[in-house]
Asks: 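Handing you this structure, nothing more for now.
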Protein chains: 2
Amino acid sequence: MARAYAGVSPEQRRAERRARLLQAGLALFTTTGFAATKISELCTEAGVSTRNFYEEFGSKEDLLRELHDLINATAFTEVRTALTSLETADVRTRITTLLDVFVRAVTADPRAPRLNYVEAVGVNAEIEQQHVRWVNTWAEFIESEALRAAAAGVAPQRSYRLTAIALVGAITGLLREWQAHEPPLAVDEIAAEIRELMLAAITRP
Amino acid sequence: MARAYAGVSPEQRRAERRARLLQAGLALFTTTGFAATKISELCTEAGVSTRNFYEEFGSKEDLLRELHDLINATAFTEVRTALTSLETADVRTRITTLLDVFVRAVTADPRAPRLNYVEAVGVNAEIEQQHVRWVNTWAEFIESEALRAAAAGVAPQRSYRLTAIALVGAITGLLREWQAHEPPLAVDEIAAEIRELMLAAITRP
DNA sequence: GTAATCTGACAACGCCGATTACCGGATTGG
DNA sequence: CCAATCCGGTAATCGGCGTTGTCAGATTAC
């Protein structure tokens, strides 16, 4: 039966260990690299036993997938709340906000784009599927803004599916380059570049 | 001392085995996945002994890196020859050709973009460096076309560095999506989308 | 024809890391 | 205060795969 030990409930201790393992994964996957990271190293970094690891995750890949989902979900929430608070704003403001919030959310920790766009690529089929789902999610955001622009008469009436996917790729490419670059690229410039690119892409005839 | 066996020189037999190993790598890495592919499987697929493998490559990663370089180098040569034969053509023609030739070269075998943009990502530092070099190479192509456009007066005078990187990312994203999509996306539409995106990106004020 | 030589297949070695069994210790209810 | 219970860490096991040693057979020069 579950009872409290050392003043904290088992659930809470498990949750804390889980959180520490996620942090350890973020730290080691983005430095040692995913393939080279051993489960024992994750446990040492997290201050947790291998036993605990298997209580929380089925494998290293599971942990990576959860991190990938977490990073995207965090950015998603931030972007959505920012956009719903701008319901009546004009298209340019909305697009600027969408991109600024996204870029800021995902570059706040430089390890996030590294994990998202480098380490979590080509690991297994499940993570690839999750990647495709997130690309679709982001593409739908962009698509719906483009359709708003079209409805407002500042963009042509057409399908924006491929344009949206291409723009997601552009953002991904810039962020992947950003995290690899020495000296680092300026976040503002990247956000500005993407904004202009997107505006040019959807207002083109 | 080197002498001919079975009518062919040792160098030629080595070259053929090397070529078969590369083909086996392309086949297995894009189906089984890089991490899950065993060296013994590569050898079986290539009809070669494990001993031979180590005569040609130091590791699985070496083989992958060579494939990655090969795919890019092939596309590079095709694009460059196409562009040099269009020295006097107008900007739009050159850009259209650049993108069409590239997309055709890299989608001719659907396994190529899979290997390039999925399997060869985040494997180790060497391949990441090679990736950065190729992104730079492609970005310089795009940059120089943008500067041509600027010189011709159809695009503003500015730095096209980030724009070029973003466009490379857009192409990469579309091709990565292309190889993962069911039902498959149309290659023509992808090439057309990228062309319009690039023209919009460099002719924007 | 024969001996020297090279080639390539096979198999076994050895390492390394994932996974789990076990046990000592801490904690709490009575 | 004690016994029952649960928790967590350690260490041993197990399996798999990369790597290399060896040998049998094929080939060619003399």
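In what follows, every chain begins at residue 1, and chains take the letters A, B, ... in the order their sequences are listed.
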Asks: Got a donor-acceptor pair under 3.5 Å from the side chain of B/Arg51 to the base of C/dG8?
Replies: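 No such pair is found, so the answer is no.
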Asks: Who are the side-chain hydrogen bond (donor to acceptor under 3.5 Å, both in side chains) partners of A/Arg94, not counting sequence neighbours?
Replies: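 Applying side-chain hydrogen bond (donor to acceptor under 3.5 Å, both in side chains) to A/Arg94 gives A/Glu145.
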Asks: For the base of C/dT20, is there a side-chain donor-acceptor partner from A/Thr50 under 3.5 Å away?
Replies: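 Side chain to base: pair found, below 3.5 Å.
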Asks: Taking only the side-chain heavy atoms of A/Tyr54 (C-beta and beyond), determine which of D/dC7, C/dT20, C/dG8 contains the nearest atom.
Replies: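 The closest nucleotide is C/dT20.
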Asks: Taking 4.0 Å as the cut-off, does a side-chain nitrogen or oxygen of B/Arg17 come that near to OP1 or OP2 on C/dG8?
Replies: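 Affirmative; the distance criterion is met.
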Asks: In whole Å, I'd like the distance from the CG atom of A/Asn52 to the C1' atom of C/dA18.
Replies: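 That distance rounds to 16 Å.
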Asks: Keeping to residues at least two apart or across chains, list the side chain to side chain donor-acceptor pair (under 3.5 Å) pairs with something in residues 23-51 of chain B.
Replies: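 As it turns out, the side chain to side chain donor-acceptor pair (under 3.5 Å) pairs with a partner in residues 23-51 of chain B, which skip direct neighbours, are B/Ser49-B/Asn52.
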Asks: Is any NZ, NE, NH1 or NH2 atom of the basic residue among B/Arg18 and B/Glu66 found under 4.0 Å from an Asp or Glu carboxylate oxygen of the other?
Replies: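 Here B/Arg18 pairs with B/Glu66 in a salt bridge, since their nearest N and O are under 4.0 Å apart.
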Asks: Please state whether the phosphate of C/dG8, meaning OP1 or OP2, lies under 4.0 angstrom from any side-chain nitrogen or oxygen of B/Ser49.
Replies: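 Answer no for this pair, as no side-chain N or O of B/Ser49 is under 4.0 Å from OP1 or OP2.
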Asks: How would you list all residue pairs meeting ring pair (Phe, Tyr, Trp, His ring centres under 6.0 Å) that involve residues 89-118 of chain A, not counting sequence neighbours?
Replies: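 Listed by first then second residue: A/Phe102-A/Trp138.
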Asks: Assess whether a salt bridge exists between B/Arg111 and B/Asp109, defined as any Lys/Arg side-chain N lying under 4.0 Å from an Asp/Glu carboxylate O.
Replies: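 Salt bridge present between B/Arg111 and B/Asp109.
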Asks: Got a donor-acceptor contact below 3.5 angstrom from the B/Asn124 side chain to the B/Ile127 backbone?
Replies: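 Yes, B/Asn124 side chain to B/Ile127 backbone: donor-acceptor pair under 3.5 Å.
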Asks: Indicate yes or no: does B/Arg17 engage B/Glu55 in a salt bridge with an N to O separation below 4.0 Å.
Replies: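 Looking at B/Arg17 and B/Glu55, the cut-off is met.
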Asks: Round to the nearest Å and state the distance from B/Phe53 atom CZ to C/dC10 atom P.
Replies: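 Value for this atom pair: 18 Å.
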Asks: Among residues two or more places apart or on two chains, list those pairs meeting ring pair (Phe, Tyr, Trp, His ring centres under 6.0 Å) that have a residue in residues 164-195 of chain B.
Replies: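 Output for this query is empty, none listed.
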Asks: In residues 55-68 of chain A, which residues come under 4.0 Å of DNA chain C by heavy atom?
Replies: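 Listed by number, there are none.
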Asks: Expressed in angstrom and rounded to an integer, what is the separation of B/Glu16 atom CD from C/dG8 atom P?
Replies: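 In whole Å, C/dG8 P and B/Glu16 CD are 11 Å from each other.
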Asks: Between B/Arg158 and B/Thr163, is there a side-chain donor-acceptor contact under 3.5 Å, judged purely by atom types and distance?
Replies: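 Note: B/Thr163 and B/Arg158 side chains meet the donor-acceptor criterion.
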Asks: With the threshold set at under 4.0 Å for non-hydrogen atoms, list the residues of residues 21-48 of chain A touching DNA chain C in residue-number order.
Replies: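 Residues of residues 21-48 of chain A under 4.0 Å from DNA chain C: A/Lys38, A/Ile39.
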